[in-house]
Asks: 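Can you keep this structure in mind? I'll have questions shortly.
Indexing begins at 1, ligand by ligand and atom by atom, following the structure's order. Here, residue 1 is the first one in the sequence, and each next residue gets the next number.
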Amino acid sequence: MILPLLKGLALTLRRFLNPKTCATELYPEERPKLSTRFRGLPELQIGKDGREKCVACGLCAKVCPSQCISIEGAEDETHRRYPKTYELDAFRCIFCGFCEEACPVRAIILRDTFELATYEKKDVFDKEKLLDLTRKRNLPR
Ligand code: SF4
Ligand code: SF4
């Protein structure tokens, strides 16, 4: 009966003397190491031409179980389809990844954005905000 108690005290003492072995994450000072399978906020991807990859097919909105994506498609002068508006309500997103799976051109990917706290409930992620997340990453296209 006393042995588990001593083991616990020894562990506490070890961690106290060497805090680096402590498993506590120092967030927000240090960003946590996320799993490679982590699914954060869906982000719109940018193609080699610097424009959004999305072709406004609407599959992501159709498959979304939370119905939090709304798209208005349009065509440019070269008859290329693009999303005139693309909105994602992050308050309703359940980070399931169905939109990423359904997208035929890999235009939407769930990466590691998880810091979504905001003071304004009306802060819906529009097309530019979703593209900005990708722009900031500066990924090869
Ligand atoms: S991750 Fe799931 S809930 Fe969120 S936008 Fe995509 S399909 Fe909808
Ligand atoms: S499925 Fe992909 S290409 Fe189609 S509307 Fe959604 S993000 Fe755009």
Asks: Might you point out which heavy atoms bring C99 and I108 nearest each other, and give the distance in Å?
Replies: O-CG2, 3.6 Å

Asks: Please assess R106 against E100 for the test side chain to side chain contact (heavy atoms under 4.5 Å, CB included), listing each intermediate value before the final yes or no.
Replies: CA-CA 7 Å; R106 280 194 62 78; E100 179 180 328; 3.8 Å; yes

Asks: With atoms numbered from 1 as shown, which atoms in ligand 2 lie under 4.0 angstrom from a non-hydrogen atom of G58?
Replies: 4 (Fe), 5 (S)

Asks: Indicate, with yes or no, if L41 and F38 share a hydrophobic cluster defined by side-chain heavy-atom contacts under 4.5 Å among Ile, Leu, Val, Met, Phe, Trp and Tyr.
Replies: no

Asks: Run the numbers for me: atoms of ligand 2, each under 4.0 Å from some heavy atom of C54, listed by number.
Replies: 3 (S), 5 (S), 7 (S), 8 (Fe)

Asks: With a 4.0 Å heavy-atom cut-off (strictly under), which part of A56 contacts ligand 2: side chain, backbone, both or neither?
Replies: backbone

Asks: Mind checking whether C68 contacts ligand 1 via backbone (N, CA, C, O), side chain (CB onward), both or neither, at a 4.0 Å heavy-atom cut-off?
Replies: side chain

Asks: Check ligand 2 against I71 and write out every atom of the ligand that is under 4.0 Å from a heavy-atom position of the residue.
Replies: 5 (S)

Asks: Give a yes or no on whether I109 and Y82 share a hydrophobic cluster (residues Ile, Leu, Val, Met, Phe, Trp, Tyr; joining criterion: side-chain heavy atoms under 4.5 Å apart).
Replies: no

Asks: Salt bridge check, R135 against E128: does any charged N sit closer than 4.0 Å to a carboxylate O?
Replies: yes

Asks: How far is atom 4 (Fe) of ligand 1 from the closest protein heavy atom, and which atom is that?
Replies: C93 SG, 2.3 Å

Asks: With heavy atoms under 4.0 Å as the rule, classify the contact between S66 and ligand 1 as side chain, backbone, both or neither.
Replies: side chain

Asks: More than 12 non-hydrogen atoms from neighbouring residues, nucleotides or ligands closer than 6.0 Å to CZ on F98, yes or no?
Replies: no

Asks: Just need the protein heavy atom nearest to atom 2 (Fe) of ligand 2, so name the residue and atom and give the distance.
Replies: C103 SG, 2.3 Å

Asks: Is the shortest side-chain N to carboxylate O distance from E43 to K136 below 4.0 Å?
Replies: no

Asks: When hydrophobic residues are tied together by side-chain contacts of less than 4.5 Å, even through go-betweens, does F95 share a cluster with L133?
Replies: yes

Asks: Ring-plane angle category for Y27 and F114, please: parallel below 30°, perpendicular beyond 60°, tilted otherwise.
Replies: tilted

Asks: Under 4.0 Å from any heavy atom of V105, which atoms of ligand 2 are there?
Replies: 3 (S)

Asks: So if I count the atoms of ligand 1 from 1 in the order they appear, which ones are less than 4.0 Å from some heavy atom of I94?
Replies: 3 (S), 4 (Fe)

Asks: Any atoms of ligand 1 less than 4.0 Å from a non-hydrogen atom of F95? List them with their elements.
Replies: 1 (S), 4 (Fe)

Asks: Find the distance between CG (L34) and CG (D112) and round it off to the nearest 0.5 Å.
Replies: 6.0 Å

Asks: For atom 8 (Fe) of ligand 1, find the nearest protein heavy atom and state the residue, atom name and distance (0.1 Å precision).
Replies: C64 SG, 2.3 Å

Asks: What is the closest protein heavy atom to atom 6 (Fe) of ligand 1, and at what distance does it sit?
Replies: C99 SG, 2.4 Å

Asks: Which protein non-hydrogen atom lies closest to atom 3 (S) of ligand 2, naming both residue and atom, and how far is it?
Replies: V55 N, 3.4 Å

Asks: With atoms numbered from 1 as shown, which atoms in ligand 2 lie under 4.0 angstrom from a non-hydrogen atom of C57?
Replies: 1 (S), 3 (S), 4 (Fe), 5 (S)

Asks: At less than 2.8 Å, would any N/O/S atom of C60, backbone or side chain, sit next to atom 6 (Fe) of ligand 2?
Replies: yes

Asks: Applying a 4.0 Å heavy-atom criterion (strictly less than), which segment of I69 is in contact with ligand 1: side chain, backbone, both, or neither?
Replies: side chain

Asks: For ligand 1, which atoms sit closer than 4.0 Å to a heavy atom of G97?
Replies: 1 (S), 2 (Fe)

Asks: Give a yes or no on whether L59 and V63 share a hydrophobic cluster (residues Ile, Leu, Val, Met, Phe, Trp, Tyr; joining criterion: side-chain heavy atoms under 4.5 Å apart).
Replies: no

Asks: Does some non-hydrogen atom of A102 fall short of 4.0 Å from ligand 2?
Replies: no

Asks: Is there a path of hydrophobic side-chain contacts, each under 4.5 Å between heavy atoms of I/L/V/M/F/W/Y residues, joining Y86 to V55?
Replies: no

